[in-house]
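Read through the structure below, which is laid out as structure tokens, and then see the notes.
These numbers were taken from a predicted model, which means no experiment stands behind them. Values below: every heavy atom of this structure, side chains too, minus hydrogens, waters and symmetry copies.
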Amino acid sequence: MLQRTVAGKATLPLLLLVYVTQQDQAGTKSNTNLFVIKTICSPSEVLVKKRKLSTESFEAWFYQLPVEVAMVLDMTSRQENAIRNGVSDTLSKIAIIGSGTLGSALTDHFVREGITKELVITDFDFLFPHNLCRHILPAEKVMTSKVKSIKDLYKGIFDQKLTALEGNYLSLSKHDKERMNDGTQLIIDVSTSIAVERHLSREQGDKRRCTSFLNPKGDDLVLLMEDAARTHTLDLLEMDYYRNLIEDHRFEHHLEQTNKVSTNTFSCREESVILNYENVRILAGILSQQIRKHFLDEKEFLNVWHLNMEDGTVESLPMSVSAWSQYSSSNVTIYLSSVVEAKMKIMYETSPNAETGGCLFGSYDRDYGIVYIYYMVEAPKDSIHTPVSFVRGFGGLTKEYERITALTYHQVRYLGEWHSHPNMPNSPSAIDEQQFNEMRTEQQSQDLPFIQIIYGKNGLYVRGVM
């Protein structure tokens, strides 16, 4: 054909169209794909070889030409991926923040399962050599943008749109934020950055959000998902996560640290945790499945999955979610967990003739001026209770503080005090005012907030400073 037509004079690379039909052993055709095969030679170069070489030599040369698959027509599409994976409930657009170990694995599941028509991936990081042991990208992509290389990895899957936003989510341009949010049904944070999660939780809008991460040992997967109405925002779910770590014995080893190894000196991180990639892929598959399931459920969700590395089983460990009351005082917004409030009520009702109280613990976010109270230590045994006063003791407090700090990896802080006014209004007395002023000064000298709560017959009086 090249000899008979003007095509033989072409100097562009030669393309061959090849039909490949797949059949089973019974001879039944399953599907046919049209491959566009690209050679390194142009038609004119082929004809030159044809004239110079013998038929045998030419064929030996021609059939050894390096080729690459330039395109596949009627190949796997997003819809076919979904059908072959048994996925019926798909989303129109998902945004993923983070393309590291877990983020890249989750992206791989979403694309190969055809879960969403459009996927936006955001990250500022490059692929370093030490990432190769646990990342989906190959070695040839070292020192390239993770998100851009991931986008190229899936090029050719029809009707699968991938958008790569290279940059830190916290400093994305207005245009890139619009590209991410426009039409998005779910924003998934796998950046392992508390700052990103807190920022997402405070952003306005109806885009539902979730965040997920692995524990340091890589045998626990954590998923926090907001409800569809965004009543339980990510920051509140984060605080319930810490509360469960403190109160539930199932999680006493959850945040234990693992060994670390040195990475490249030119890397943005000098050390990397030891984390088994087999665990990552098992738990990433669970994450992909559970995100879809609980997105359709529309309720808030907080859960841990524990992988038993001895027998390969995975155990689901649901965490309880509390309601939250919000108070504003001075320069701080205070969120009080219903779990703590319920314990205060019980103590108030069971001590009708003498004041009682305890210590308040939780977390705070100075960037947003927020204090979260989710744990309370009841009055130690050496406390002094009278009908008109309460002096909180110290017995056992240091040991308890060390315990809860270890369980939450230093995320819990002492935040203040509470006491009751049995059969009296919750208005602060002169002694209460003195305590507040003295403790406020003491805490602020350490750059810490201070919260005071009084439980009276008319409910709670809450105030604080940061």
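Side chain to side chain, Asn81 and Arg78 fail the donor-acceptor criterion of an N or O pair below 3.5 Å. Side-chain contact check for Glu256 and His253: at least one donor-acceptor pair (N or O, by modelled atom type) lies under 3.5 Å. Side chains of Tyr368 and Thr333: no donor on one and acceptor on the other come within 3.5 Å. Using modelled atom types, one finds no donor on one side chain facing an acceptor on the other under 3.5 Å when comparing Glu417 with Gln435. For the residue pair Tyr455 and Glu349, no side-chain donor N or O sits within less than 3.5 Å of a side-chain acceptor on the partner. Side-chain atoms of Tyr241 and His254 form a donor-acceptor pair, as typed in the model, at a separation below 3.5 Å. Using a 3.5 Å distance cut-off with no hydrogens or angles, the side chains of Asp220 and His306 do pair a donor with an acceptor. No side-chain donor-acceptor contact under 3.5 Å links Asp367 and His199. In summary, the side chains of Glu113 and Ser288 do present a donor paired with an acceptor at a separation below 3.5 Å, with no hydrogens or angles considered. Side-chain N/O atoms of Ser92 and Gln185 include a donor and acceptor closer than 3.5 Å. Residues Ser351 and Thr356 bring no donor and acceptor atom of their side chains to less than 3.5 Å of each other. Between the side chains of Ser104 and Thr107, not a single donor N or O lies within less than 3.5 Å of an accepting N or O.
Note that OG1 of Thr192 is 11.5 Å distant from CD of Glu197, once rounded to the nearest 0.5 Å. Remark: Met319 CE to Asp240 CG distance equals 9.5 Å, nearest 0.5 Å.
Every residue two or more places apart in sequence or in another chain that forms a side-chain hydrogen bond (donor to acceptor under 3.5 Å, both in side chains) with Ser316 is listed here: Asn303. Looking at residues two or more places apart in sequence or on another chain, you find a side-chain contact (heavy atoms from CB on, under 4.5 Å) between Pro380 and Asp382, Ser383, Arg392, Leu397. For Ala406, the side-chain contact (heavy atoms from CB on, under 4.5 Å) test picks out no residue, with sequence neighbours left out.
Not one N or O on the side chain of Asn85 forms a donor-acceptor pair closer than 3.5 Å with the backbone of Ala82.
Taking the six-membered ring where the residue is Trp, Phe361 and Tyr414 present perpendicular rings, their angle passing 60° and hence far from 30°. Using the six-membered ring where Trp is involved, Trp324 and Tyr372 have ring planes that are perpendicular, over 60° apart on the 30 and 60° scheme.
By the 4.5 Å heavy-atom criterion applied to side chains, Tyr375 and Glu247 are counted as neighbours. The closest side-chain heavy-atom distance from Leu460 to Tyr327 is below 4.5 Å.
Just one of Ile188, Leu186, Asp189, Leu200 meets the side chain to side chain contact (heavy atoms under 4.5 Å, CB included) condition when paired with Arg209; it is Leu200. Applying the side chain to side chain donor-acceptor pair (under 3.5 Å) test between His421 and each of Asn458, Asp432, Asn426 identifies Asp432 as the sole match.
Geometric assessment of Lys177 against the ring of Tyr169 yields a positive cation-pi assignment under the 6.0 Å and 45° thresholds.
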